[in-house]
Protein chains: 2
Amino acid sequence: MPATGRREQAAETQHALKAAARRVFARKGYLNTKITDITAEAGRAAGSFYNHFASKEALLSALLGDLAASGDESAVTEGHLSDFSDPAAVRWHVEQYWAFYKEHAATMRALRQAAMVNDDFARTLASFGASQAADIAGHLDRVTAAGMRLPADTDLSILMMYQLIDNFAQMWLASPAPVGWTPPTDDEAVEALTRFIYRGLTGRDY
Amino acid sequence: MPATGRREQAAETQHALKAAARRVFARKGYLNTKITDITAEAGRAAGSFYNHFASKEALLSALLGDLAASGDESAVTEGHLSDFSDPAAVRWHVEQYWAFYKEHAATMRALRQAAMVNDDFARTLASFGASQAADIAGHLDRVTAAGMRLPADTDLSILMMYQLIDNFAQMWLASPAPVGWTPPTDDEAVEALTRFIYRGLTGRDY
DNA sequence: TGTACATCAGTGAACGCGCGTTCACTGATGTAC
DNA sequence: TGTACATCAGTGAACGCGCGTTCACTGATGTAC
């Protein structure tokens, strides 16, 4: 068996295409990226693309698959805090999401853009949000149990929290920074979100 | 002078194209809309479009111009409350923005989509946000003056507030409702946002 | 008021550009004997 | 181990579809005299 068999070569090219796609998506956005932009970035011929993916959408689906796989690995992280009447639990979740988003910024941005144009990806994005929300739902019981009042019913409260984190991450981690702004450090961002959300959800100062 | 002169006819057609565009944008989104979708919806020939607009972008710019014009009219509304240490002032601003967004949902959605693909519109959207933020900046002085602590520095605090309102409005007023959700009434939405934001900004319960 | 000509909004078939996709070809890797 | 053939990843020029854009034409409105 030679140092570089056919399987290996194919796997290598496929990986190069995915890596190139992530770079190009980050640079010009999913919607503005042409197939040939990806193959050029990967240093392959245009036709090579179709040996590996049926379309740009299929490639994005593959990237999302990778993301889900890597998510499953880190999901078992210990230290999971679940009592949202404690600011530390809120911060822990904010940190987790922030780190996740930072890792997968290019893919998340691509997904958002694809969702604007394609119903399938819109559903993917919605169910991603729903699964995040489901993880949190239980944690809010402790808030009401501790005698605090949520700002709205549970679903809307979680939705507001999720939208805030997600859009904030989107803005600072997956978009060109607006002119005249200095991006917050990770700590500043996490702290700002934690305060706003803890206060918003519980009505307590922090 | 005849009942329908050339000027009038041209104005009518231009108006019909803009109205048709808003309807089609609302239905399928800006990016998925073809020039011929707009002319068909308006009941005109494809070529007619170019008597009035140089491109789809130019049409969107025209819609944004109309929006700015109608915004200026209603900007002088009385009852402007500016002391954000008072929840009523927060609610007043949330209501204003909610009503604005409801009125212009199709155009705002189109702008968002265009901004994903086109740097000029990205800047337009950013400066729209910045002008909203600038209107608010002064109101937060009263919060700190009243001895309350903002969740972050002024800019980030305003940004979080703005993102929350804007995305929430975007979701419920300018997008197809996600399956399995019942959209909140206007009052519910305004109330939920007001609580979350007032608490988030001031650290006081409400 | 009437006639002849000019202008212009609107039309829709045709054109052509951009880009996704194909496919005949190359050369390297794998297999059979 | 060697030879002949099969398979397959990669190539890039060419094809063709979709859609934005043009333009010669029509008929109605405006103007000149």
Side-chain angles (χ1 to χ4, degrees), chain A residues 1-21 23-25 27-63 110 113-114 116-121, chain B residues 1-21 23-25 27-63 110 113-114 116-121:
Chain A
M1 190 179 288
T4 162
R6 286 211 275 237
R7 277 171 177 289
E8 288 89 332
Q9 190 183 7
E12 234 170 70
T13 298
Q14 177 162 341
H15 184 264
L17 287 170
K18 290 200 282 194
R23 288 196 300 276
V24 183
F25 289 168
R27 199 161 62 236
K28 11 192 335 182
Y30 174 81
L31 294 173
N32 279 333
T33 296
K34 288 167 262 174
I35 302 278
T36 51
D37 292 333
I38 298 170
T39 52
E41 172 86 16
R44 314 288 156 135
S48 187
F49 186 89
Y50 296 92
N51 289 339
H52 300 280
F53 307 102
S55 61
K56 196 166 68 165
E57 288 83 38
L59 188 162
L60 178 53
S61 292
L63 291 179
Q113 293 200 354
M116 311 232 75
V117 156
N118 178 305
D119 284 346
D120 285 336
F121 286 120
Chain B
M1 191 181 288
T4 161
R6 285 210 275 236
R7 276 170 178 289
E8 287 90 330
Q9 191 185 6
E12 234 169 70
T13 298
Q14 178 161 338
H15 184 264
L17 287 171
K18 290 200 282 195
R23 287 195 301 275
V24 184
F25 289 168
R27 198 160 63 236
K28 11 193 336 181
Y30 174 82
L31 295 173
N32 279 332
T33 296
K34 289 167 263 174
I35 302 278
T36 49
D37 292 334
I38 298 171
T39 52
E41 172 86 16
R44 316 286 156 134
S48 187
F49 186 88
Y50 295 92
N51 290 337
H52 299 279
F53 307 102
S55 60
K56 194 165 68 162
E57 288 83 36
L59 189 162
L60 178 54
S61 293
L63 290 180
Q113 294 199 354
M116 311 233 75
V117 156
N118 177 304
D119 283 347
D120 284 335
F121 286 120

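By convention in this document, chain letters (A, B, ...) are assigned in the order of the sequence lines, proteins followed by strands, and residues within each chain are numbered from 1. Since the structure is predicted, the reported quantities are computational estimates derived from the model, not experimental observations.
Within the model, atoms CD of B/Gln113 and CD of A/Gln113 stand 10.5 Å from one another, a figure rounded to the nearest 0.5 Å. Here A/Leu60 contributes atom CG and A/Asp120 contributes atom CG; the two are 11.0 Å apart, rounded to the nearest 0.5 Å. If you take CG on B/Asn118 and CG on A/Leu31, they are separated by 12.0 Å, rounding to the nearest 0.5 Å. Note: A/Phe53 CZ to A/Leu63 CG = 7.0 Å, rounded to the nearest 0.5 Å.
Rounded to whole Å, the distance from CG on A/Leu59 to P on C/dT21 is 12 Å. In this structure, A/Gln14 atom CD and D/dA9 atom P are separated by 11 Å, rounded to whole Å. Note: CG (B/Asn32) to C1' (D/dG20) measures 16 Å, nearest angstrom. Rounded to an integer number of Å, the gap from B/Glu57 CD to D/dG20 P is 10 Å. For the pair B/His15 NE2 and C/dA9 C1', the computed distance is 18 Å after rounding to whole Å. When the P atom of C/dA28 is taken as reference, atom CD of A/Glu12 falls 16 Å away, rounded to whole Å. What separates CG of A/Asp37 from P of C/dG18 is a distance of 14 Å, to the nearest Å. The nearest whole Å value for the distance from the OH atom in B/Tyr50 to the P atom in D/dA24 is 18 Å.
Across all strands shown, D/dC19 pairs with C/dG16; the Watson-Crick or G-U wobble distances both stay below 3.5 Å. C/dT11 is paired with D/dA24 under the Watson-Crick or G-U wobble criterion, all donor-acceptor distances under 3.5 Å. Base pairing of D/dT29: its partner is C/dA6, meeting the Watson-Crick or G-U wobble criterion (both donor-acceptor distances under 3.5 Å).
Each of D/dG12, C/dT11, C/dA9 was ranked by its minimum atom distance to the side chain of A/Ala45; first place goes to D/dG12.
When each of A/Gly47 and A/Lys34 is assigned the nucleotide of DNA chain C with its nearest heavy atom, A/Lys34 is the one assigned upstream, toward the 5' end. Nearer to the 5' terminus of DNA chain D, by closest-nucleotide assignment, is the contact made by B/Ser55 (compared with the other of B/Arg7 and B/Ser55).
Of the residues B/Lys28, B/Lys34, B/Arg27, the one that meets the salt bridge (charged side-chain N to carboxylate O under 4.0 Å, His left out) test with B/Glu41 is B/Arg27.
Remark: the A/Arg6 side chain and the D/dT7 base include a donor-acceptor N/O pair separated by less than 3.5 Å.
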